[in-house]
Amino acid sequence: MSEEEIDGNTILAEALVAQGVKYVFGIVGIPVIELSMAMQQAGLHYVGMRNEQAACYAAQAIGYLTKRPGVCLVVSGPGLIHTFGGMANAQINCWPLLVIGGSCSQDHEGIGGFQECPQVELARPYCKYSARPPEPGLIPTHVENAVRLSTYGRPGVSYLDFPGNLLMQRVAASRVLHTAMCPEPPLAWPDPSLVSQAASLLMTAKRPLVIVGKGAAYAGAESAVRDLVRAFTLPVLPTPMGKGVVDDHDVHCVSSARTTALQHADTILLLGARLNWMLHFGRPPRFDPHVKIIQVDICPEELHNSVQAKVAIHADIGVFTRQLTQQLASHAWSLLVSNPWWGQLHIKCDQNKNVVSKMIQDTSVPLNYYTVFHHIQELIPKDCIIVSEGANTMDIGRSILLNKLPKHRLDAGTFGTMGVGLGFAIAAALWCRDYAPGKKVICVEGDSAFGFSGMEIETMFRYKLPIVIIIVNNNGIYKGLDEETYESIREAGDVTKVTPPTSLSTNAHYEKMTEMFNSKGHFCINIPQLLDALKQSLKVEDKPSIINVMINPNADRKPQNFNWLTESKL
Ligand code: ADP
Ligand code: MG
């Protein structure tokens with residue numbers, strides 16, 4: 001009797017299952033169509049997307065949410081190249097992702113094969129691991145490597161390359177080197193003397209601040225961090241995706257006094273956030289020049305970056321934070337709410353809330369950002385996942401749309417990537433479907449941001465995902481034009497010479513995209529319409545909704561103390 005044979009497609013699909021991978025997002029074509037079917041056969045969820053970039057965003061969001069990489073499956077050449085925006089985004093966000101690319105058959109390489117290009121080499125700058133298994137029997141070893149490297153240490157991206165001939169090749173089942181599931185990443189424990197140093201430094205601080213980043217969310221350190229700030233009455237400031245590690249509604253959260261907190265803190269406990277552009281590099285004028293940093297990171301190379309830390313700790317945030325809490329408790333130390341620092345922060349929080357509350361009350365048409373977000377915030381479930389992108393839409397939304405739970409905020413992230421929203425929302429909705437049924441995904445998009453991947457609305461209908469997309473429409477990028485000005489400018493000359501590069505069509509009815517799928521969208525120009533649309537959309541359980549809210553094309557942020565990104569005092 002001849003020995004049982006197995007092909008590369010099946011070996012790969014089964015190896016992914018063996019490594020605990022559950023979700024694949026992709027676009028198929030030669031040479032990966034059979035692979036996508038083998039994946040479903042092996043029990044993986046396969047989500048066919050409309051653009052490889054969006055598929056890659058979805059795969060990395062599921063990786064962030066589940067801590068196992070999602071797969072982005074693409075065809076050779078252009079298919080892979082279209083994922084590079086996504087791969088760079090995941091690598092820079094430190095999120096696990098596994099990209100699998102079909103590639104030109106090896107017997108066509110070097111002679112002008114179909115979509116031939118040096119894929120392993122091209123992917124390498126965006127990856128921790130980029131390889132082509134040399135033969136079918138070794139596929140499981142490479143899959144294990146790819147999953148391990150994407151999740152161990154600082155999470156990131158792996159790329160695996162599969163020439164068509166490797167996928168189709170049949171080998172004796174006995175030649176397949178099966179590899180056991182790679183265990184959960186080990187937890188890095190802090191050096192105990194550094195925990196003591198961190199505790200001593202905090203206890204001598206006059207103006208301490210805890211900054212919580214998306215590394216703390218990824219670490220699942222929410223209960224440890226909440227216990228710490230509550231036990232010792234510490235003010236806490238989340239980064240955009242650190243929101244929800246401590247409930248935004250919590251009295252310890254000082255987001256409303258962000259500038260003051262950063263500028264005047266004398267000691268900062270930095271938990272899973274980098275001192276990059278998002279935190280103004282940790283330097284003056286946004287930070288006190290003498291601020292003492294206690295930095296905790298899973299990645300030792302990150303320690304001391306931009307500003308030398310007073311105490312630099314290579315550790316998992318959950319483990320470290322629990323030990324720090326124990327140390328502080330043993331000294332019976334706590335910051336008092338009557339402390340002048342808390343007084344200063346409370347005053348600033350109140351002042352800022354007053355400024356915002358004036359803007360919220362203005363319901364005149366055309367609407368402003370603050371009023372729109374305030375009413376959205378009032379209606380959406382407090383435990384929903386909020387996906388948010390667009391320049392002003394994301395920046396202003398950050399302070400008004402609040403998060404109760406960790407990993408419930410997905411936005412343009414460290415790389416500032418626009419176009420991530422719909423892909424992220426698809427991943428988030430699948431995660432809700434499988435792990436938190438009934439939980440809502442609200443995707444708040446600028447009109448420009450929505451345009452990057454608007455066709456993923458079809459994907460959402462196909463997979464019955466009840467995502468509520470709210471487009472905050474100002475007819476453009478940053479700012480647009482009102483209809484009258486737009487028309488008169490364009491009548492005056494050649495459209496490509498006179499249309500402002502920041503302008504998009506005025507009053508575009510993006511909500512009508514749902515009509516392609518026999519579903520009515522919502523066009524809103526005032527608050528009652530918005531509220532009505534949102535109420536209806538939140539009830540829908542088996543398909544997406546689009547709410548297109550027109551706002552003043554000139555609407556802007558409230559006056560800022562510092563110009564974002566433009567001041568450079570380095
Ligand atoms: P944010 O955008 O919220 O400021 P960053 O992405 O800049 O966050 O930083 C997150 C940091 O968290 C990264 O430096 C990453 O290495 C680190 N990190 C990720 N997981 C853990 C963990 N389990 N423990 C400690 N640090 C972590
Ligand atoms: Mg816009």
Side-chain angles (χ1 to χ4, degrees), residues 64 67 89-96 128 151-156 184-190 211-222 224-225 237-245 270-282 295-306 312-322 369 389-396 398 406-407 409-416 418 444-452 471-481 502-506 508 510 548-556:
Y64 174 62
K67 300 180 91 165
N89 190 69
Q91 183 79 349
I92 290 169
N93 266 352
C94 317
W95 287 0
K128 292 174 78 180
T151 48
Y152 277 45
R154 172 183 268 175
E184 293 286 305
L187 285 182
W189 279 56
I211 297 182
V212 174
K214 63 176 168 310
Y218 186 80
E222 56 273 10
V225 176
L237 182 71
T239 64
M241 280 199 260
K243 281 160 73 70
V245 170
L270 188 66
L271 298 177
R274 285 168 282 182
L275 293 176
N276 55 18
W277 65 277
M278 295 182 80
L279 281 170
H280 320 286
F281 311 103
Q295 184 181 10
V296 187
D297 207 290
I298 195 90
C299 170
E301 289 88 340
E302 184 60 35
L303 298 170
H304 303 297
N305 195 13
S306 185
I313 303 140
H314 172 221
D316 174 75
I317 291 161
V319 175
F320 166 81
T321 306
R322 272 184 223 103
Y369 282 108
E389 63 168 337
N392 286 324
T393 299
M394 185 170 74
D395 287 342
I396 302 171
R398 190 171 291 149
K407 289 204 215 172
R409 187 70 156 219
L410 300 169
D411 72 14
T414 310
F415 208 26
M418 292 300 156
V444 186
E445 298 274 308
D447 53 331
S448 163
F450 175 74
F452 284 84
I471 301 170
V472 183
N473 190 345
N474 67 349
N475 302 336
I477 304 171
Y478 298 112
K479 282 183 187 179
L481 297 173
T502 48
S503 274
L504 297 170
S505 300
T506 54
Y510 297 111
N548 183 13
V549 197
M550 299 309 303
I551 60 161
N552 188 334
N554 258 317
D556 206 348

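All residue numbers in this chain count up from 1 along the given sequence. Please read these numbers as outputs of a predicted model, since none were measured by experiment. Both ligands and their constituent atoms are indexed starting at 1 by order of listing.
Between the side chain of Q295 and the backbone N or O of H304 there is at least one donor-acceptor pair closer than 3.5 Å. Looking at K243, its side chain does come within 3.5 Å of a backbone N or O of R398 through a donor-acceptor pair. Here the side chain of K214 pairs no donor or acceptor atom with the backbone of C94 at under 3.5 angstrom. Put simply, the side chain of K479 never gets that close to the backbone of D556: no donor and acceptor are under 3.5 Å apart. At distances below 3.5 Å, not a single donor-acceptor pair connects side-chain atoms of D447 with backbone N or O atoms of G451. At distances below 3.5 Å, at least one donor-acceptor pair connects side-chain atoms of S306 with backbone N or O atoms of F281. Side-chain N or O atoms of D316 include none that pairs as donor or acceptor with a backbone N or O of A188 at under 3.5 Å. Of the possible polar contacts, one joining the N548 side chain to the A508 backbone as a donor-acceptor pair under 3.5 Å is found.
Of all the heavy atoms of D297, the ones lying under 4.0 Å from any atom of ligand 1 are found in both the backbone and the side chain. Here I317 has heavy atoms under 4.0 Å from ligand 1 in both its backbone and its side chain.
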Could you go step by step and tell me if E184 and K67 meet the side-chain contact (heavy atoms from CB on, under 4.5 Å) rule?
-> CA-CA 9 Å; E184 293 286 305; K67 300 180 91 165; 5.9 Å; no

E222 and V245: CA distance, side-chain angles, deciding distance, side-chain contact (heavy atoms from CB on, under 4.5 Å) verdict = CA-CA 5 Å; E222 56 273 10; V245 170; 4.2 Å; yes

Residues R274, T414; criterion side-chain contact (heavy atoms from CB on, under 4.5 Å); working and verdict = CA-CA 9 Å; R274 285 168 282 182; T414 310; 3.4 Å; yes

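No heavy atom of M241 sits closer than 4.0 Å to any atom of ligand 1. Heavy-atom separations between A315 and ligand 1 include at least one value shorter than 4.0 Å.
With hydrogens left out, the protein atom closest to atom 23 (N) of ligand 1 is D316 OD1, 2.9 Å, a heavy atom. Ranking protein heavy atoms by distance to atom 3 (O) of ligand 1, first place goes to T239 OG1, 2.5 Å. Counting only heavy atoms of the protein, atom 10 (C) of ligand 1 lies nearest to G272 O, 3.1 Å. For atom 20 (N) of ligand 1, the closest non-hydrogen atom on the protein side is G215 O, 3.7 Å.
The distance criterion of under 3.5 Å between nitrogen or oxygen atoms is met by R154 with respect to ligand 1. Where the criterion is an N or O separation shorter than 3.5 Å, residue side chain and backbone included, Y218 fails it with respect to ligand 1. Taking distance alone, with nitrogen or oxygen atoms compared against 3.5 Å, K214 approaches ligand 1 more closely than that limit. The N/O atoms of I298, backbone and side chain alike, include one that comes under 3.5 Å of an N/O atom in ligand 1. On a distance-only criterion, C94 and ligand 1 share no N/O pair closer than 3.5 Å.
Per-residue contacts place T414 under 4.0 angstrom from the following atoms of ligand 1 (heavy atoms of the residue considered): 2 (O), 6 (O). Near A219, meaning under 4.0 Å from one of its heavy atoms, ligand 1 places the atoms 22 (C), 23 (N). The G213 neighbourhood of ligand 1 comprises atoms 3 (O), with distances under 4.0 Å to a heavy atom of that residue. Contact atoms of ligand 1 toward C299: 16 (O) (distance under 4.0 Å to a heavy atom of the residue).
The two residues N475 and M550 make their nearest non-hydrogen contact at OD1-CE, 3.3 Å.
Between E445 and T393, the closest side-chain pair of non-hydrogen atoms is not below 4.5 Å.
Around the Mg ion (ligand 2), protein N, O or S atoms at less than 2.8 Å number 3.
Of the options V296, L303, L279, a side-chain contact (heavy atoms from CB on, under 4.5 Å) to L270 is made by L279 and by none of the others.
When the options R274, M278, E301 are ranked by their closest heavy atom to atom 7 (O) of ligand 1, first place goes to R274.
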